[in-house]
Amino acid sequence: MAKAKSIALSQVPGANESHLGEIDLDREHGRMVYEGEIYYNGWEYEFDIDAVTGEIVKWKSERD
């Protein structure tokens with residue numbers, strides 16, 4: 001989970017762990033992924049990160 005947090009935060013310059021929402025381990029399309037959110041600077045970022053490879057498989061951002 002720590003690696004997934006690091007990968008997600010690296011996509012949002014200036015964000016840190018205090019901006020992370022809940023992160024859950026879930027199965028999506030046959031693979032395990034970490035699902036979570038980052039709330040930073042008026043934006044909400046939603047992500048899925050492959051739990052094995054660290055690949056970002058979903059990334060969505062919208063104004064909060």
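The shown structure was predicted, so the numbers you read here are calculated from the model rather than taken from an experiment.
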Might you confirm whether atom NZ of K3 has over 12 heavy atoms from other residues, nucleotides or ligands at distances under 6.0 Å? no
Under a 4.5 Å side-chain heavy-atom rule over Ile, Leu, Val, Met, Phe, Trp and Tyr, are W43 and L20 clustered together? yes
Compare all side-chain heavy atoms of V52 with those of R31 and state whether any distance is below 4.5 angstrom. no
Is K58 close to E35 at the side-chain level, that is, under 4.5 Å between some pair of heavy atoms? no
In this structure, OH of Y34 is separated from CD of E28 (nearest 0.5 Å) by 14.5 Å
So CD of Q11 and OG of S61: to nearest 0.5 Å the spacing works out to 11.0 Å
Working to the nearest 0.5 angstrom, can you tell me the gap between D50 CG and E55 CD? 6.0 Å
Test item: I23 and M1 side chains (from C-beta on) under 4.5 Å apart, heavy atoms: yes
Mind checking whether I49 and V33 have side chains closer than 4.5 Å, heavy atoms only? no
Closest approach of L9 and N16, non-hydrogen atoms and distance? CD2-O, 3.5 Å
What I'd like to find out is whether the side chain of D26 reaches to under 4.5 Å of the side chain of M32, using heavy atoms alone. no
Correct closest heavy-atom pair for I38 and A15 would be CG2-CB, 4.2 Å
Decide side chain to side chain contact (heavy atoms under 4.5 Å, CB included) for I56 and I7; before the verdict, give the C-alpha distance in whole Å, the side-chain angles of both, and the deciding distance to 0.1 Å. CA-CA 8 Å; I56 297 172; I7 291 167; 3.9 Å; yes
Would you call the rings of W59 and Y45 parallel, tilted or perpendicular, where under 30° means parallel and over 60° means perpendicular? tilted
Identify whether the distance between the nearest side-chain nitrogen and carboxylate oxygen of K60 and E37 falls below 4.0 Å. no
Heavy-atom closest pair (Y40 atom, P13 atom, distance to 0.1 Å) is CE2-O, 3.5 Å
